[in-house]
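A quick write-up on the structure given underneath.
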Amino acid sequence: MVSVKYSNKINKVRTFALSLVFVGFGVMYIGLFFRETAWLMGLFMILGMLSVGLSTVVYFWIGMLSTKTVQVICPNCEKPTKLLGRVDACMHCKEPLTLDKNLEGKEFDERYNSKKYREPSQ
């Protein structure tokens with residue numbers, strides 16, 4: 001049996017925002033190779049700054065969303081963690097968690113967070 005590690009949604013978005021910062025710096029660095037062509041170097045610099053700016057917006061958005069989440073104590077590692085949606089994973093130990101009594105004991109599936117998802121009839 002394969003052990004699947006789940007990831008907390010807040011951590012996924014933070015990782016995405018951090019990757020936008022590095023991509024932005026990388027794009028700006030590539031622009032330095034085009035010093036002879038000012039418009040091309042400027043284009044890469046602007047695209048890189050847009051990527052870094054977008055990461056700032058994403059960090060701000062997930063920070064605001066993080067303040068509205070439910071904070072619980074993980075039963076596995078006994079550390080406080082934040083739940084976003086019906087199912088989520090612990091930020092520390094990756095334990096699947098839910099506050100929905102109907103989902104307790106069921107296999108962890110991130111599709112439970114989707115409004116389109118219907119549970120199969122039993």
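Quick note: numbers below take in every heavy atom, side chains included, and nothing from hydrogens, waters or symmetry partners.
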In a table with atom names and distances, give each donor-acceptor pair under 3.5 Å that connects a side chain of residues 29-36 to protein atoms at least two apart or in another chain.
from: Arg35; atom 1: NE; to: Leu32; atom 2: O; distance (Å): 3.3

Item to complete: For Ala89 and Asn8, work out which heavy atoms get closest and say how close.
Response: O-ND2, 2.7 Å
Fill in: Heavy-atom pair with the smallest gap, counting every atom of Arg14 and Ile62
CG-CG2, 4.2 Å
Response to the item:
Heavy-atom closest pair (Asp88 atom, Leu84 atom, distance to 0.1 Å) is OD2-N, 3.1 Å
Response to the item:
Heavy atoms of Val27 and Gly48 approach each other most closely as CG1-N, 3.8 Å
Worksheet item: Going from OG on Ser51 to CD1 on Ile46, what distance comes out if it is rounded to the nearest 0.5 angstrom?
Response: 14.0 Å
Fill in: ILVMFWY cluster, Leu20 and Phe22 together (side-chain gap under 4.5 Å)
no
Worksheet item: Taking a hydrophobic cluster as the set of Ile, Leu, Val, Met, Phe, Trp and Tyr residues connected by side-chain heavy atoms closer than 4.5 Å, whether directly or through intermediates, do Leu50 and Val57 fall within one such cluster?
Response: no
Discussion item. Is there a continuous path of hydrophobic side-chain contacts, each under 4.5 Å between heavy atoms, that joins Val21 to Met45?
Written reply: yes
Fill in: Co-membership, hydrophobic cluster, residues Tyr59 and Trp61, 4.5 Å side-chain
no
For a quick test of your reading: what N or O donor-acceptor pairs under 3.5 Å do the side chains of residues 67-80 make, sequence neighbours left out?
from: Thr67; atom 1: OG1; to: Met64; atom 2: O; distance (Å): 2.6
from: Thr69; atom 1: OG1; to: Ser66; atom 2: O; distance (Å): 2.9

Worksheet item: What about Val23 and Leu54, same hydrophobic cluster or not, with Ile/Leu/Val/Met/Phe/Trp/Tyr joined at side-chain heavy-atom distances under 4.5 Å?
Response: no
Fill in: Contact summary for Met91 and Thr81, nearest pair of heavy atoms
N-OG1, 3.0 Å
